[in-house]
Protein chains: 2
Amino acid sequence: MPIEIPDVVIDRLPLYYRLLTRLEAEGRGVISSHELGGELGVTPAQIRKDLSYFGRFGKQGRGYSVQRLAQELRLILGLNRRWRVVVVGIGRLGRAISSYPGFEGQGFDIVGRYDANPAVAGTSIDGQEIRDARHLEADLSAAPADIGIVAVPAEYAQDVVDTLVRGGVRAILNYTPARVQVTANVELKHINPVVFLQSMTYHLKLTARSRA
Amino acid sequence: MPIEIPDVVIDRLPLYYRLLTRLEAEGRGVISSHELGGELGVTPAQIRKDLSYFGRFGKQGRGYSVQRLAQELRLILGLNRRWRVVVVGIGRLGRAISSYPGFEGQGFDIVGRYDANPAVAGTSIDGQEIRDARHLEADLSAAPADIGIVAVPAEYAQDVVDTLVRGGVRAILNYTPARVQVTANVELKHINPVVFLQSMTYHLKLTARSRA
DNA sequence: AAGTGTGAACAAGTTCACAGCC
DNA sequence: GGCTGTGAACTTGTTCACACTT
């Protein structure tokens, strides 16, 4: 077994990757851990340590080749292929997610949109049909997806997640405030703006108002 | 100076709080750290330790009064008052955020919606006027807000954030993929679905497909 | 001279385990 | 008897500092 890589390291890699792709587009050739860290608010040692889990990508005295490092991160993160994503729940939020232009350029193809509301199912968005959520499991059997995005009302979240998992989806991004359960082999992340706001108000409460 | 409370503890409190309010609504009287932890996937020791930073809310041999603990968390997190929120950028995502019914019930009032697009500014959403983004700073001077939610195109994110900070906003939720800078006295959180997906694909890449 | 890669030192965060109280 | 609150032990994650490479 190779040494175990901390999850917190994995979570930082997309951050590095995003900056590197920008630098790559700008034609920047080489960058040091110090400069990378400066841009991202991370210490240079942290960046070197994080990268050292995966290999030796830098050159002493020079730094990292932007192009090489971006490519290595693509391989590490599995971004050298396309991923099939289904979105379940096409309300206002699901609609915004489905139409978000940032996914496609990063290799995430939305291959299915589902809603249980009969007034919504059968309609289209961006020229793509919204399928009745009843078809979800059968559709996944016929053409599997890798990732599911859940934007249904909270009370249906667990059901939808169970269906996705039965259908072979191995990663789920849950936009619902409900905490859902999955088996250990499925990746799960929650996005809940209220939770973010509530941890911010803790600090606001402590800070004196800076305005006159 | 009181002992410093780790940020990671603060980030868990809204989770505890959400479960407690549900239990409170169900009329549950008392709960042990063990049972709380079971629901949330957190160890009982962790919950007790986290809460012990703020006081002694439990009773030995019994557990925690659901009502008391929910109330204490409200006070700790600053949820015993209402918070004024402005949303900047009323595209598809900003619209979904503005209309999200989950904010109001948790004490977050959306008191302003702004967009720089002249075709959008002046129109209404849920009966609320969308103001031209040019008015943002002046409006904040006249009637301050506590929190800003940014859902503009990435290239305008830093400008909008600077305007919000000048206007006295002390916490910012950035839905933009751009990493923005703020002074140390301003709270900042990023929500970027692509970053979440990219750290999940790392794991997907490693896991063998479980389907036939 | 500059900057990586990394073991070692340090810091932070989690879990243990048990005294104390209900 | 059951469960909290909490120092102490442990584990995990971060930073230091320097040998080494270009």
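Convention: sequence-line order gives letters A, B, ...; per-chain numbering from 1.
Following rounding to the nearest Å, A/Ile5 (CD1) and D/dG13 (P) show an atom-to-atom distance of 12 Å. Rounded to a whole Å, the NZ atom of A/Lys49 is 14 Å from the P atom of D/dA17. Following rounding to the nearest Å, B/Asp50 (CG) and D/dG5 (P) show an atom-to-atom distance of 12 Å. Across the protein-nucleic acid pair, B/Ile31 atom CD1 and D/dT4 atom C1' stand 14 Å apart, rounded to whole Å. Atom pair B/Arg68:CZ and D/dC3:C1' shows a separation of 16 Å (rounding to whole Å applied). The separation between A/Arg56 atom CZ and D/dT22 atom P is 10 Å, rounded to whole Å. Between A/Gln46 atom CD and D/dG13 atom C1' there is a gap of 8 Å when expressed in whole angstrom units. As rounded to whole Å, 15 Å separates atom C1' of D/dT4 from atom CD of B/Glu35.
The stretch residues 9-21 of chain B touches DNA chain C through B/Arg12, each having a heavy atom within less than 4.0 Å of the strand.
The list of salt bridge (charged side-chain N to carboxylate O under 4.0 Å, His left out) pairs with a residue in residues 63-79 of chain A, not counting sequence neighbours, reads A/Glu24-A/Arg74, A/Arg68-A/Glu72. Listed by first and then second residue, the side-chain hydrogen bond (donor to acceptor under 3.5 Å, both in side chains) pairs involving residues 82-95 of chain A are A/Arg82-A/Asp109 (not counting sequence neighbours). The salt bridge (charged side-chain N to carboxylate O under 4.0 Å, His left out) contacts involving residues 179-192 of chain A comprise A/Asp11-A/Lys189, where partners must be two or more places apart or lie in separate chains.
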All N/O pairs under 3.5 Å across the protein-nucleotides 18-20 of chain D interface:
from   : atom 1 : to      : atom 2 : distance (Å)
D/dC20 : O2     : A/Gln60 : NE2    : 3.4

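With sequence neighbours left out, the side chain to side chain contact (heavy atoms under 4.5 Å, CB included) criterion links B/Val186 to B/Val165, B/Ile172, B/Val182, B/Thr183. Here A/Ser33 pairs with A/Pro44, A/Ile47, A/Arg48, A/Tyr64 under the side chain to side chain contact (heavy atoms under 4.5 Å, CB included) rule; sequence neighbours left out. In terms of the side-chain hydrogen bond (donor to acceptor under 3.5 Å, both in side chains) criterion, A/Arg62 has no residue partners (sequence neighbours excluded). In this view, A/Asn80 and A/Leu75 satisfy the side chain to side chain contact (heavy atoms under 4.5 Å, CB included) rule, not counting sequence neighbours. For B/Ser98, the side chain to side chain contact (heavy atoms under 4.5 Å, CB included) partners are B/Val87, B/Ile90, B/Arg113, B/Ile125, not counting sequence neighbours. With sequence neighbours excluded, the residues that form a side-chain hydrogen bond (donor to acceptor under 3.5 Å, both in side chains) with A/Glu137 are A/Arg166.
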Worked verdict on B/Arg134 versus B/Asp139 for salt bridge (charged side-chain N to carboxylate O under 4.0 Å, His left out): CA-CA 9 Å; B/Arg134 281 177 299 189; B/Asp139 285 3; over 6 Å; no
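A 4.0 Å heavy-atom criterion places the boundary nucleotides of DNA chain C facing chain A at C/dA2 to C/dA8, written 5' to 3'.
Between A/Gly61 and B/Gly61, the residue anchored nearer the 5' end of DNA chain C, judged by the nucleotide with its closest heavy atom, is A/Gly61.
Inspection of the A/Gln181 and A/Gln158 side chains reveals no N or O donor paired with an N or O acceptor under 3.5 Å.
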